[in-house]
Amino acid sequence: MLSSASPLTQRVALVIQYLGTRFHGWQRQPKHRTVQEEIETTLEAVLGFPVRIYAAGRTDSGVHAAAQVAHFDAPAHIPAHRWAAILNARLPDDVLIRASAIVDSTWHARFSAIWRRYRYTLYTDPRPNLFVRPFAWHYYYEPLDESLIRAALLPLIGRHHLAAFHRAGSDRPHSWVDVQAAECKRDGALVYIEVQASGFLYGMMRLLVGMLVQVGRGVRSPGNFTEVWKQEHRDQVKYAAPAQGLCLLRVGYAEFPFPPEVWYDTQPALSLAAFPERSLVI
């Protein structure tokens with residue numbers, strides 16, 4: 001295999017989208033379908049030898065990505081910008097390469113990233129919607145007050161030890177996280193929670209949302225929510241939000257070869273029109 005240090009190779013960066021529904025997460029695992037395996041298998045079919053691909057972050061089973069970032073080293077005779085078309089012609093229909101580009105040999109999709117941003121979507125209308133279901137948690141049992149969720153999120157901004165939202169099974173040596181932004185907004189029956197941080201703990205976002213729903217219901221106050229994570233009461237964080245509502249929205253870098261339209265806002269926010277109660281005549 002060609003060495004990544006060889007002048008005959010180049011480092012290629014990818015912006016990747018995938019629907020997580022039928023994937024057991026990003027990272028390759030025995031006997032499970034994963035995004036990493038699909039792309040690496042496709043690369044090997046094209047090049048004739050195994051290729052390792054490195055991602056900005058590992059999404060869990062069922063979690064989507066609107067602009068995951070990854071890189072791999074490949075022979076230089078194939079122009080880097082061509083890899084998007086080459087891979088898309090062979091990948092299954094639930095994975096898409098938005099764009100590909102050459103990067104410096106020292107650039108790394110994971111270690112060069114300075115932030116990641118996730119969006120969680122909740123659908124609160126009691127009527128089910130097939131076109132919303134794959135991308136949202138259908139939570140309609142009790143009303144959610146988004147102003148309470150916003151109040152709970154605000155103290156999270158900054159550098160904190162978030163062991164309360166760290167699932168077991170991670171090999172990360174610490175639970176410190178630099179949270180750069182934390183927002184909640186409502187659009188009719190849809191509630192969006194977005195968090196941007198230097199990195200995310202294993203299971204952090206889904207555990208966070210699971211407890212924020214308790215805040216939105218009024219079962220737990222914003223102050224109590226803050227006390228739980230500040231005092232590291234992991235035993236009180238019992239419920240993880242379902243995977244399908246979570247999406248890796250984008251990843252930020254000091255130097256990035258792609259224009260914003262490729263990666264910045266590529267998961268369209270769902271929008272459901274509100275109609276008056278009277279019957280509509282068409």
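Scored by the salt bridge (Lys or Arg N to Asp or Glu O under 4.0 Å) test, Asp93 finds Arg22 as partners (sequence neighbours excluded). Not counting sequence neighbours, the partners of Glu40 by the side chain to side chain contact (heavy atoms under 4.5 Å, CB included) test are Arg28, Gln36, Arg52, Ile53. Taking the side chain to side chain contact (heavy atoms under 4.5 Å, CB included) definition, one finds that Ile102 meets it with Gln10, Ala80, sequence neighbours left out. Trp115 pairs by the ring pair (Phe, Tyr, Trp, His ring centres under 6.0 Å) definition with nothing, not counting sequence neighbours. Evaluation of the ring pair (Phe, Tyr, Trp, His ring centres under 6.0 Å) rule for Tyr141 yields Tyr139 as partners, not counting sequence neighbours. The salt bridge (Lys or Arg N to Asp or Glu O under 4.0 Å) check on Asp178 picks up Arg159, with sequence neighbours excluded. When the side chain to side chain donor-acceptor pair (under 3.5 Å) test is applied to Glu227, no partner is found at least two apart in sequence or on another chain.
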- Give the intermediate values and the outcome of side-chain contact (heavy atoms from CB on, under 4.5 Å) for residues Arg133 and His138. CA-CA 7 Å; Arg133 187 166 63 188; His138 189 194; over 6 Å; no
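Applying the salt bridge (Lys or Arg N to Asp or Glu O under 4.0 Å) test to every pair with at least one member in residues 189-206, sequence neighbours left out, gives these pairs: Arg117-Glu194, Arg119-Glu194. Here salt bridge (Lys or Arg N to Asp or Glu O under 4.0 Å) pairs that include residues 97-106, with residues two or more places apart or in two chains, number zero. Listed by first then second residue, pairs satisfying side-chain hydrogen bond (donor to acceptor under 3.5 Å, both in side chains) with a partner in residues 230-240 read His161-Glu232, Arg220-Gln236, not counting sequence neighbours.
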Pairs of donor and acceptor atoms involving the side chains of residues 253-265, under 3.5 Å and at least two apart or interchain, shall be tabulated with distances.
unit_1	atom_1	unit_2	atom_2	d
Tyr253	OH	Ala109	O	2.5
Trp263	NE1	Phe258	O	3.3
Trp263	NE1	Pro259	O	3.3

Compile the donor-acceptor pairs under 3.5 Å between side chains in residues 84-92 and protein atoms, sequence neighbours left out, one pair per line.
unit_1	atom_1	unit_2	atom_2	d
Asn88	OD1	Ile97	N	2.8
Asn88	ND2	Ala84	O	3.1
Asn88	ND2	Ile97	O	3.0
Arg90	NH1	Ile86	O	2.8

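Remark: the backbone N or O of Trp26 is not paired with any side-chain donor or acceptor of Arg58 at under 3.5 angstrom.
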